[in-house]
Asker: 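Take a look at the following structure, please.
A note on names: the letters A, B, ... follow the listed sequences, proteins ahead of strands, and every chain is numbered from 1.
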Amino acid sequence: MKRTEIVQLLKPEFYQAHLEQTVLLMGWVKAFRANRFIALNDGSTINNVQVVVDFENFDEEIIKKISFHSCIKVSGKLIESQGAGQSIEIQAEDIEILGESNPADYPIQPKRMTMEYLREKAHFRMRTNTFSAVFRIRHAVAYAVHKFFNDKGYIYMHTPIITGSDAEGAGEMFRVTTFEPQQAPTTEEGEVDYSQDFFGKATNLTVSGQLQAEIGALAFGKVYTFGPTFRAENSNTSRHLAEFWMIEPEVAFFDIMDDMDLAEEFVQYLINYVLDNYPDDLAFLDKRIQDEEKNMPKEKRRPMGLIEQLRFVVDNDFERITYTEAVNILRNSKPYKKGKFEYDVEWGTDLQAEHERFLVEKKFKKPVIVRDYPKGIKAFYMRLNDDQKTVAAMDVLFPGIGEVIGGSQREERLDVLIERCEAAGIPAEELWWYQDLRKFGGAPHAGFGLGFERIVQFITGMSNIRDVIAFPRTPGNAEF
RNA sequence: GCCUCUUUAGCUCAGUUGGUUAGAGCGGCGGACUGUUAAUCCGUAGGUCCUUGGUUCGAGCCCAAGAAGAGGCGCCA
């Protein structure tokens with residue numbers, strides 16, 4: 001007999017057609033109540049199926065081994081449930097233990113455990129209801145990314161993980177080398193001689209696929225990347241990882257306004273996809289957050305439930321303001337006038353987290369896109385605006401997690417690009433191929449980077465980014 | 001990297017002003033229970049109070065250093 005997956009079994013059109021027939025299930029025991037009722041889960045859905053056991057019909061040794069997260073094979077008759085709480089159940093006819101699990105030694109217990117504890121048991125945490133829901137949704141978002149771009153005719157591009165260019169300008173990089181740390185050959189000046197290294201030059205793990213994506217955009221018109229990204233920053237926060245996944249669309253003939261339209265449509269699409277296809281997992285996470293916040297004082301609770309918030313984001317247009325408008329709003333705000341902000345607001349300096357939070361959570365109460373930042377605080381490749389003071393950059397800010405997307409229209413004018421490179425102290429010759437794109441068939445173009453884990457974090461409502469990636473890499477932690 | 005907080009049973013936590021034998025709930029184990037839904041009931045075992053040093057007649061509690069973890073900030077996605 002073929003195994004039936006529980007996600008299949010629980011569909012009314014399936015079980016109505018198979019009532020009173022024998023089915024074969026395999027899965028893990030989530031609960032064994034009253035020596036009679038097994039809650040069985042096989043990971044195909046967050047929902048369990050109830051298996052009813054007449055223990056008189058089974059060897060006591062088998063019954064004893066039915067414990068939390070032991071793995072079993074059950075064949076039995078599919079019948080209408082005689083109890084409340086589920087519509088169908090399985091009357092067990094034969095049970096085989098596939099994998100025992102001694103509850104005295106097993107570190108996971110059928111009770112509430114802290115996220116920190118489960119993080120240390122990363123090889124087991126996916127079996128919990130919460131992480132099972134989170135990682136099913138993570139998959140859904142990844143699939144939706146590809147579906148969104150494919151349906152729009154974008155080309156999926158794989159950009160290199162090992163990069164030789166030292167000028168991507170997005171933070172500290174991890175060095176890639178085959179040299180033994182203590183035995184690296186040196187030059188006459190005593191510096192490490194990377195010309196003898198594997199690639200014949202110094203190489204690093206990528207911090208962004210953007211520059212290479214621009215190559216693709218000027219060939220295919222519309223491309224996107226979706227791959228791992230590495231930052232060797234000593235960041236200790238609930239929204240930073242040393243290894244994360246980033247999505248970077250890059251589009252020829254797009255200006256900054258088109259770029260913002262794409263970003264908004266994209267994020268709303270991802271959220272809608274999960275709302276439409278994973279309602280059970282979302283409902284579980286929503287309830288989990290509500291239970292968790294039940295005992296908190298009102299001011300510490302989230303202003304909206306998880307699903308309510310997701311609906312709110314897809315049903316409302318994002319607020320769009322310029323950096324200059326943001327500065328004016330902030331300087332005229334109550335907290336500013338009352339001296340409640342820790343950092344001053346002044347045109348030319350970057351907005352602090354507290355300022356962004358005020359705009360998103362207090363002023364507009366929805367995602368905000370800020371654009372046209374001062375050129376001094378943004379990267380060299382962002383297009384200089386006509387005012388000569390700002391660049392066509394935009395950040396999409398979300399409640400709770402801050403910046404989800406950072407993007408810009410790229411500088412397509414060679415002379416301006418070279419000027420901005422020099423101002424930033426970047427050796428222009430390293431980017432000879434980047435300049436070539438402007439010399440031969442250049443085009444206006446724009447793109448952005450979306451932090452994959454950050455959008456998964458938002459959709460699942462998880463408060464720490466380390467809990468939406470299977471094996472988080474952060475400063476001091478690379479276990480598993 | 002900076003600031004703040006936390007560390008007590010397998011897990012989540014309480015532990016008063018420094019005082020004699022360190023507690024609870026859940027989980028485990030043993031038992032009861034054939035319609036349970038975080039099952040329930042009875043019984044039971046389980047401790048390097050993070051580490052080191054100090055103060056004290058006496059330290060889970062006070063002091064110092066260290067370790068690990070979390071939250072906030074910075075860097076950003």
Side-chain angles (χ1 to χ4, degrees), chain A residues 30-39 47-58 63-64 67-68 79 81-86 89 91 101-121 129 168-172 207-210 226 228-248 263 267 287-288 291 300 341-343 350-357 377-379 395-398 401-407 448-458 463-467 469 474-477:
Chain A
K30 302 300 257 189
F32 188 24
R33 287 185 288 267
N35 241 6
R36 185 162 167 77
F37 303 100
I38 299 171
N47 299 308
N48 303 326
V49 68
Q50 173 152 292
V51 176
V52 184
V53 181
D54 269 323
F55 63 72
E56 284 172 353
N57 301 340
F58 291 89
I63 296 289
K64 277 202 159 171
S67 60
F68 187 56
I79 56 172
S81 180
Q82 295 164 47
Q86 59 279 318
E89 62 194 21
Q91 188 69 47
S101 180
N102 181 353
D105 301 330
Y106 185 50
I108 307 297
Q109 299 174 0
K111 58 168 292 189
R112 196 188 153 272
M113 287 164 292
T114 59
M115 291 297 123
E116 294 79 42
Y117 176 76
L118 289 170
R119 224 171 276 154
E120 291 169 9
K121 317 286 177 200
N129 287 329
E168 288 167 6
E172 293 296 311
V207 293
S208 163
Q210 179 204 314
F226 184 3
T229 310
F230 307 87
R231 305 265 167 99
E233 301 283 352
N234 190 10
S235 295
N236 294 291
T237 81
S238 57
R239 49 185 196 284
H240 287 89
L241 292 163
E243 175 183 297
F244 64 101
W245 288 65
M246 187 154 64
I247 298 135
E248 295 176 287
V267 172
K287 184 171 179 303
R288 182 186 158 273
D291 290 347
K300 281 205 162 179
F341 287 137
E342 194 183 334
Y343 294 88
D350 212 352
L351 300 177
Q352 302 292 315
E354 59 178 354
H355 306 142
E356 295 180 349
R357 266 208 311 275
I377 57 173
K378 288 290 181 184
D395 286 350
V396 181
L397 310 174
F398 264 48
I401 46 176
E403 188 178 341
V404 170
I405 286 178
F448 61 78
L450 170 90
F452 181 62
E453 281 78 12
R454 287 204 181 159
I455 195 68
V456 175
Q457 205 187 341
F458 181 75
S463 48
N464 195 313
I465 200 166
R466 296 164 197 193
D467 300 324
I469 186 165
T474 52
N477 198 336

Asker: Taking A:Gln457 for the side chain and A:Ser463 for the main chain, is one N or O donor matched with an acceptor at less than 3.5 Å?
Answerer: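 It does hold such a pair.
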Asker: Below 4.0 angstrom from OP1 or OP2 of B:A38, is there any side-chain N or O of A:Asn129?
Answerer: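 So the side-chain polar atoms of A:Asn129 never come under 4.0 Å of the phosphate oxygens OP1 or OP2 of B:A38.
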Asker: Suppose we call a contact any N or O donor and acceptor under 3.5 Å apart; does that hold for the side chain of A:Glu342 and the base of B:G72?
Answerer: no
Asker: Return yes if the base of B:C13 and the side-chain atoms of A:Arg112 contain a donor-acceptor N/O pair under 3.5 Å, otherwise no.
Answerer: no
Asker: Return the value, rounded to whole Å, for the distance between atom CD of A:Gln91 and atom P of B:G35.
Answerer: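 One finds 13 Å between P of B:G35 and CD of A:Gln91, rounded.
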Asker: Kindly say if A:Arg119 contacts the phosphate of B:A70, meaning a side-chain N or O under 4.0 Å from OP1 or OP2.
Answerer: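 Yes.
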Asker: Let me know, please, whether A:Ile79 or A:Phe68 comes out on the 5' side of the other along RNA chain B by nearest nucleotide.
Answerer: A:Phe68
Asker: Stacking here means centres under 5.5 Å and planes under 30°; does A:Phe37 stack on B:G35?
Answerer: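 Base of B:G35: not stacked against A:Phe37.
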Asker: Out of A:Val267, A:Leu397, A:Asp395, which one pairs with A:Ile405 under the side chain to side chain contact (heavy atoms under 4.5 Å, CB included) rule?
Answerer: A:Val267
Asker: What's the closest nucleotide to the A:Lys111 side chain, out of B:C11, B:U34, B:U36?
Answerer: B:C11
Asker: In whole Å, what separates the P atom of B:A14 from that of B:U7?
Answerer: 7 Å
Asker: Take atom CG of A:Asn102 and atom C1' of B:G10, then tell me their distance rounded to the nearest Å.
Answerer: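 In whole Å, B:G10 C1' and A:Asn102 CG are 12 Å from each other.
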Asker: Any base atoms under 4.0 Å from A:Asp105, or only sugar-phosphate, or nothing? Heavy atoms, all strands.
Answerer: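 Nothing, no heavy atom under 4.0 Å.
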Asker: Can you check the distance between B:G19 and B:G60, where both ends of the measurement are the C1' atom (answer in whole Å)?
Answerer: 13 Å
Asker: Taking atom P of B:A77 as reference, at what distance in whole Å does atom CD of A:Glu356 sit?
Answerer: 11 Å
Asker: Taking CD from A:Gln352 and C1' from B:C76, how many angstroms apart are they, rounded to a whole number?
Answerer: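 Taking atom C1' of B:C76 as the reference, CD of A:Gln352 is at 13 Å.
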Asker: Starting at atom CG of A:Asn236, determine the distance to atom P of B:C3, rounded to an integer number of angstrom.
Answerer: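 These atoms are roughly 13 Å apart.
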Asker: Checking contacts here: which listed nucleotide (B:A77, B:G1, B:G28) is nearest the side-chain heavy atoms of A:Glu403?
Answerer: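 Within the option list, the nearest is B:A77.
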Asker: Which nucleotide sits closest to the side chain of A:Pro110: B:G27, B:C76, B:A70?
Answerer: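 So the side chain of A:Pro110 is nearest to B:G27.
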Asker: When only distance counts, do a donor and an acceptor, one from the side chain of A:Asp54 and one from the base of B:U34, lie under 3.5 Å apart?
Answerer: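 Counting by modelled atom types and ignoring angles, a donor-acceptor contact under 3.5 Å is found here.
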Asker: Can you check whether any acceptor in the base of B:C75 is under 3.5 Å from a donor in the side chain of A:Ser235, or vice versa?
Answerer: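 Such a pair is found, so the answer is yes.
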Asker: Name the nucleic acid region contacted by A:Glu453, choosing base, sugar-phosphate or nothing; use a 4.0 angstrom heavy-atom cut-off, strictly under.
Answerer: nothing
Asker: Which part of the nucleic acid, if any, lies within contact of A:Ile455, taking any heavy atom under 4.0 Å across all strands shown: a base, the sugar-phosphate backbone alone, or nothing?
Answerer: nothing
Asker: For the side chain of A:Gln109, starting at C-beta, report the closest nucleotide among B:C33, B:G74, B:C11.
Answerer: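 Closest of the options to the side chain of A:Gln109: B:C11.
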Asker: Heavy-atom nearest nucleotide on RNA chain B for A:Val53 versus A:Arg454: which residue maps closer to 5'?
Answerer: A:Val53
Asker: Contact class for A:Ser238 vs. all strands (heavy atom < 4.0 Å): base, sugar-phosphate, or nothing?
Answerer: sugar-phosphate
Asker: Need one value for A:Thr114: base, sugar-phosphate or nothing, where a base atom within 4.0 Å counts as base even if backbone is also close, heavy atoms only.
Answerer: sugar-phosphate
Asker: Does A:Glu116 get its side chain close enough to the base of B:U6, under 3.5 Å, for a donor-acceptor pair?
Answerer: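 Donor-acceptor pair under 3.5 Å: no.
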Asker: So which nucleotide from B:C73, B:G27, B:G71 ends up closest to the side chain of A:Asn464?
Answerer: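 For the A:Asn464 side chain, the nearest candidate turns out to be B:G71.
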Asker: May I have the distance from A:Ile465 (atom CD1) to B:C75 (atom P), rounded to whole angstrom?
Answerer: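 Whole-Å distance recorded here is 17 Å.
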Asker: From the set B:A70, B:G27, B:G35, return the single nucleotide nearest to any side-chain atom of A:Arg466.
Answerer: B:A70
Asker: Going from CZ on A:Phe244 to CZ on A:Phe452, what distance comes out if it is rounded to the nearest 0.5 angstrom?
Answerer: 12.5 Å
Asker: Please determine, for the side chain of A:Ala31, which listed nucleotide (B:G30, B:U36, B:A39) has the closest atom?
Answerer: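 Closest nucleotide to the A:Ala31 side chain: B:A39.
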Asker: For A:Phe244, which contact category applies under a 4.0 Å heavy-atom criterion: base, sugar-phosphate, or nothing?
Answerer: base
Asker: What nucleotide among B:U12, B:C76, B:C73 has an atom nearest to a side-chain atom of A:Ala353?
Answerer: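 When the side chain of A:Ala353 is considered, B:C73 is the closest of B:U12, B:C76, B:C73.
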Asker: Dot-bracket, RNA chain B: Watson-Crick or G-U, under 3.5 angstrom, [ ] crossing, | other strand?
Answerer: (((((((..((((.....[...)))).(((((.......))))).....(((((..]....))))))))))))....
Asker: Choosing from B:C73, B:C11, B:A77, which nucleotide comes nearest the side chain of A:Met246?
Answerer: B:A77
Asker: Measure the distance from CD on A:Glu120 to C1' on B:C50 and round it to the nearest whole Å.
Answerer: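 Spelled out: CD on A:Glu120 to C1' on B:C50 is 13 Å.
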Asker: Could you measure between the two C1' atoms, the one in B:A68 and the one in B:U48, and give it in whole Å?
Answerer: 16 Å
Asker: Nearest to the side chain of A:Arg231, heavy atoms from C-beta on, is which of B:C75, B:C26, B:C76?
Answerer: B:C76
